[in-house]
Every structure is written in C-alpha cells, then in structure tokens.
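To keep things clear, I will list the structure first and then write my remarks on it.
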Amino acid sequence: MSREQNNELHIKNVSKTYPIEKGTLQVLDNINLDIKPGEFVSIVGSSGCGKSTLLKMMIGLENPTEGEIRIGERKVEKPSVDVGMVFQEARLYPWLTIEKNLRFGIQKDVPKEEHEKMIREHIELVGLKGFEKAYPAQFSGGMKQRASIARALIGNPQVLLLDEPFGALDAFTRINMQNEVLRIWELEKRTMVLVTHDIDEAIFLSDRIVILSERPGKIKEIIPVNLPRPRDRSTNLFLEIRKRILTSFLGNSELNIEYYI
Amino acid sequence: MGKNKKVEKTLYNTFLKVLAPVLLVLIWHVASVAGLTNANILPSPTRVVETLIKLISNGKLGKNLLVSAIRVLQGFSVGTLLGIILGVLMGLSKTLNRILNSLVNIFRPIPMIAWIPLLILWLGIGEESKIAVIIIGTLWPVLLNTISGILSVDKKLLEVAQIMEKSRSQILLSVILPSAWPSIITGIRLGIGTAWTCVVAAEMIAAASGIGYMITYARELSQPDVVLVGVFTIGVVGLLIDFIIMRIQKRLLRWKYVQQGK
Ligand SMILES: Nc1ncnc2c1ncn2[C@@H]1O[C@H](COP(=O)(O)OP(=O)(O)OP(=O)(O)O)[C@@H](O)[C@H]1O
Ligand SMILES: [Mg+2]
C-alpha cells in the first residue's frame with residue numbers, strides 16, 4: 001500500500017491564530033518540524049502554548065492560519081483515517097460496550113469477517129480481556145484510557161497522536177500505561193506524537209523531545225534522546241537530559257538555586 | 001444476613017409508599033360510617049368498590065377504557081413520530097430551527113383544551129378531532145425534548161467520529177441519536193402523560209364513548225360513585241403507563257444504569 005511507504009509528517013512554517021471576541025489570539029508561531037515514519041516524538045510546553053492546537057491541525061480538525069502540514073504527499077486539511085488520535089479524556093461512547101466502541105474504530109474497507117479477530121486482539125493488546133461486554137461507566141480511568149488507545153489503534157493509523165493521554169491518571173497507573181505504549185510502539189512501529197506535561201514520560205518514551213515556548217508557541221529547542229530502551233529513570237544520562245529540558249524551560253539561574261538547596 | 005436486610009428495607013419502603021393512600025381511604029371510610037359525609041356527594045369507599053365491580057362485570061368500564069386507549073395509542077404514535085422527525089430536523093438545521101421556532105413559541109403555550117372547540121369545528125365530533133387533540137398534546141413535549149437532546153450532543157464525541165471519517169448518516173445514527181435518546185425518551189414519557197389527559201378532556205366535551213364520556217354522563221345522572229370510579233381509573237392507568245415507560249427506559253438506556261465494578 002502506498003500510504004505505508006510514505007507517511008513522513010512535514011510541518012512547514014505553521015502559524016495559528018484564533019479569532020476571539022476582541023480581535024485575535026496567536027497561539028502558534030512559525031512551527032517547522034519533520035517527523036520520520038516510525039519515530040516517537042514528544043511535545044512539551046507550558047499550559048496554553050498551543051500543543052493541543054498543533055495536534056488538532058496534524059489530524060485536520062483545525063487548519064493552520066499560515067503554512068501547511070503534509071503527510072507524505074497529502075496536504076492535511078480534513079480528518080483522515082491515516083492519522084489517529086487519543087484525547088486527554090477517553091471519549092468513549094457511553095452507550096456502547098467496549099467491544100462495540102472498538103468496532104466503531106475499524107476502517108470501513110476492512111472485511112466483516114476480520115472484525116471479531118481484530119477486536120479480540122486489540123482488547124488483549126491493552127489488557128482488557130474479559131471486559132468486552134462492559135460499558136465505559138463500569139471502567140476506572142485507566143481502563144477507559146486503555147480502551148481509548150485500543151480504539152485508536154484498531155483503525156490502523158500510520159500516525160498516532162496522543163494528547164496528554166495519561167494526564168488524569170495516578171503515578172502508578174501512568175507508569176504502567178507508559179510501559180504499555182512503549183510495548184505497542186515497539187511491536188507496531190508506527191509514528192507516535194505525544195503531548196505531555198510529564199518530562200520523565202517524554203524522556204522515557206521519545207526519540208526526540210520538542211520544547212515549545214509560552215504562547216504564542218515557538219519551537220524553543222529539540223532534544224534528541226539517544227538512550228537504549230527500556231530506559232531506566234534513575235540513570236545519570238536520564239537525569240542529564242531531564243536537567244537539559246528544565247534548563248530550557250526555566251533558564252540557568254533558577255536551576256542553580258535548586259543545586260544549592 | 002445481607003439478604004434479610006435488603007428484604008426488610010424493601011418492605012419498609014413499600015410500607016412508606018402505601019401509607020398515605022391507605023390512611024386517606026381509612027379516614028374517608030370512618031367519615032362515611034360516622035355519617036359525616038353526604039352520600040349523594042361523596043359515597044363511601046365500599047360503595048365505590050361495589051360500583052367498580054359492577055362496572056367491570058357488566059363490561060362498561062372495560063369498553064370505555066378500550067375506546068380511550070385506542071384513541072390515545074393512535075394520537076400518541078402519530079404525535080411522537082411527528083415530534084421526533086421534526087425535532088431531529090430542527091436540531092440539525094439551524095435555519096429550520098430559526099424558521100419554525102417562532103411558530104413553536106406561539107402555539108406551545110396554548111392549553112390543549114382551547115384547541116378542542118376549534119378542532120371540532122374543523123374535523124367534526126368524530127374520532128378525528130379527538131385524535132388531533134392528542135397529537136398536538138403529544139407533539140410538544142416530544143418535539144422540545146428531541147431538539148434539546150440533539151443540540152446537547154457532546155462536541156468531543158463528534159470529533160471522534162470525524163477523525164474516523166464516518167459519513168454524515170453514520171454520525172447521525174451512531175452518535176447524535178444515541179446521545180439524544182435519554183432526552184427523547186423523557187419527551188415521550190411526558191407526551192404519553194399529556195396524551196392521556198387530552199383524551200379524557202376531549203371526551204368530556206364531546207363524545208359518546210370513552211372514559212371521559214363515562215364520567216360526564218354519570219355526573220348528568222348524579223352518580224358520584226361512577227364518577228369516582230372513572231376518576232380513579234384515570235389515575236391508575238396514568239400510573240401504569242408511567243411504570244411501563246420507566247421499565248422500557250431502563251431497558252433501552254441500560255448503559256446509563258450500569259454501575260462501576262460490573
Ligand atoms: N477554538 C478556539 N477558539 C479560540 N481560542 C482557542 C480555541 N482553541 C484553543 N484556544 C486558545 O488557544 C490557546 C492554546 O490552546 P491549546 O489547547 O492548544 O493549549 P495547550 O498547549 O494544549 O494547553 P494545555 O496544556 O493546557 O492543554 C489557549 O489560550 C486557548 O484558550
Ligand atoms: Mg491541551
């Protein structure tokens with residue numbers, strides 16, 4: 001299939017301005033970023049700097065005010081099944097069982113005979129076996145988020161966008177979910193773009209970390225993470241990268257104070 | 001042990017529920033026996049029960065009830081269908097909503113009873129005018145609740161369907177309608193209540209059969225016991241309808257009633 005060959009993501013000179021009551025609000029300023037097929041990229045930045053907006057433009061729910069976004073040869077202007085997204089809230093359909101929620105995510109060109117098998121496999125992939133017939137209301141937050149990831153994956157997107165998918169979870173569940181996402185990514189090797197507030201999460205998962213400035217968001221720095229996976233969060237190299245990101249955020253002075261304490 | 005507690009609690013709740021009606025009947029009975037009430041205006045409970053049995057066994061109550069029920073069913077189903085279709089269209093199209101909204105706002109506050117003389121003039125005193133009253137009565141609650149149900153669909157859930165490239169009809173059937181169902185069913189529940197009230201009102205004004213007619217006719221003959229049987233029957237049937245709709249609602253909206261932890 002052609003779309004499997006060329007799904008490099010190009011973000012070129014992208015700026016975004018929203019109309020608001022009194023004039024306009026510039027959210028993103030001249031973003032340039034290329035993401036290779038199979039790459040894992042994280043985006044970090046303070047609240048309101050336009051991270052969600054950037055993801056929404058990558059999937060075509062919003063359009064850039066200036067510049068353009070391409071996936072391979074296709075210009076992104078409206079949503080396409082090439083790109084999947086996991087939102088901050090699970091956004092499952094409450095009136096459907098988990099099984100049926102997943103079925104809703106299957107692309108329409110997939111033959112009916114394969115549906116059952118795909119649903120079974122994806123439910124197992126995220127560790128929800130035995131809950132096929134349960135409704136979202138019966139799930140904990142972590143289970144809902146796992147179901148939401150499974151629903152995005154079952155659509156077989158070439159690029160998966162994750163917008164703070166674990167933000168609402170407790171620390172232990174979050175670490176579990178990070179391991180799970182890593183496992184799925186290594187298994188399926190599709191492009192993943194993760195927005196997160198959790199610096200450790202970004203380092204643990206990503207090939208590269210994009211740091212955005214405050215609104216209007218500009219790319220401040222892109223930090224590559226060249227550590228073998230799975231990564232140990234307590235090694236010196238891990239902590240060094242952490243320090244680099246914090247420096248980028250806060251500037252040298254504040255970090256130095258922390259050293260002396 | 002836990003089970004016993006549960007049974008105890010259900011029994012207690014049932015006791016609380018029937019307490020007030022039973023007390024009322026008891027006071028009524030005592031007052032009748034003590035001769036505090038005028039039997040020509042308020043017959044004793046035993047008398048009312050006797051009349052009830054008589055009306056059941058000679059088939060009068062059943063026949064009138066059936067006539068009314070058929071009218072309600074006809075008017076209610078047309079009104080509901082109309083309300084849902086119109087409501088979905090008005091919920092989906094801002095333009096249509098603007099066009100029809102003023103009409104709705106003018107006609108909705110008119111009490112059902114005010115329509116009856118006009119409808120009799122237009123449609124005669126046959127079945128048509130009565131069914132038309134019921135249609136109008138059912139239409140409003142179903143229409144308004146359908147519109148608000150369609151409008152209240154979560155934008156976030158729509159976005160999910162959008163990124164999966166679902167067609168417009170699929171989005172309507174799989175996202176918009178299911179999320180509007182709770183509201184639509186509330187409308188239907190209110191609608192059938194109004195339908196039942198409408199049929200009685202219409203029959204009291206002009207009819208030769210039906211439960212409303214039975215009451216008016218009995219009043220003309222000064223039979224308060226028959227009037228009371230009719231009035232209570234209306235109440236009981238209303239209660240029954242509501243109970244049935246509640247059961248259907250729980251079945252259809254099972255996802256709303258499930259609890260965490262299976
Ligand atoms: N549709 C919109 N219309 C107007 N303003 C918007 C719209 N969507 C977002 N904004 C504004 O754009 C800015 C960036 O929003 P965005 O959701 O992209 O931030 P974010 O980086 O994801 O923040 P957070 O980390 O809190 O999720 C915010 O100030 C927000 O209020
Ligand atoms: Mg956001």
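Chain letters run A, B, ... following the sequence lines, proteins first and then strands; every chain starts at 1.
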### Task
Please report the shortest heavy-atom distance between Met164(B) and Val81(A), naming the atom on each side.
O-CG1, 3.6 Å
### Query
Residues of residues 89-96 of chain A under 4.5 Å from chain B (heavy atom pairs)?
Glu89(A), Arg91(A), Leu92(A), Tyr93(A), Pro94(A), Trp95(A)
### Pick from Ala152(A), Ser80(A), Gly105(A) with the largest number of heavy-atom pairs that fall under 4.5 Å of chain B
Ser80(A)
### Greater than 12 external heavy atoms within 6.0 Å of Arg183(A)'s CZ
yes
### Query
Within a radius of less than 6.0 Å around CH2 of Trp255(B), do more than 12 heavy atoms belonging to other residues, nucleotides or ligands occur?
yes
## Note on the structure
Here the pair of heavy atoms bringing Ala137(A) nearest to Val258(B) is CB-CG2, 4.0 Å
### Message
Does atom CG (Leu86(B)) have a neighbourhood of more than 12 heavy atoms from anything else shown, all under 6.0 Å?
### Response
yes
### Task
Check each atom of Phe104(A) against the heavy atoms of chain B and say whether the ones under 4.5 Å are side chain, backbone, both or neither.
both
## Note on the structure
Output for pair (Lys78(A) NZ, Glu165(B) CD), nearest 0.5 Å, gives 5.5 Å
### Task
Measure the CD-NZ distance between Gln88(A) and Lys156(B) for me, rounded to the nearest 0.5 Å.
8.0 Å
### Atom pair CD (Gln170(B)) and NZ (Lys108(A)), whose distance is rounded to the nearest 0.5 Å
7.5 Å
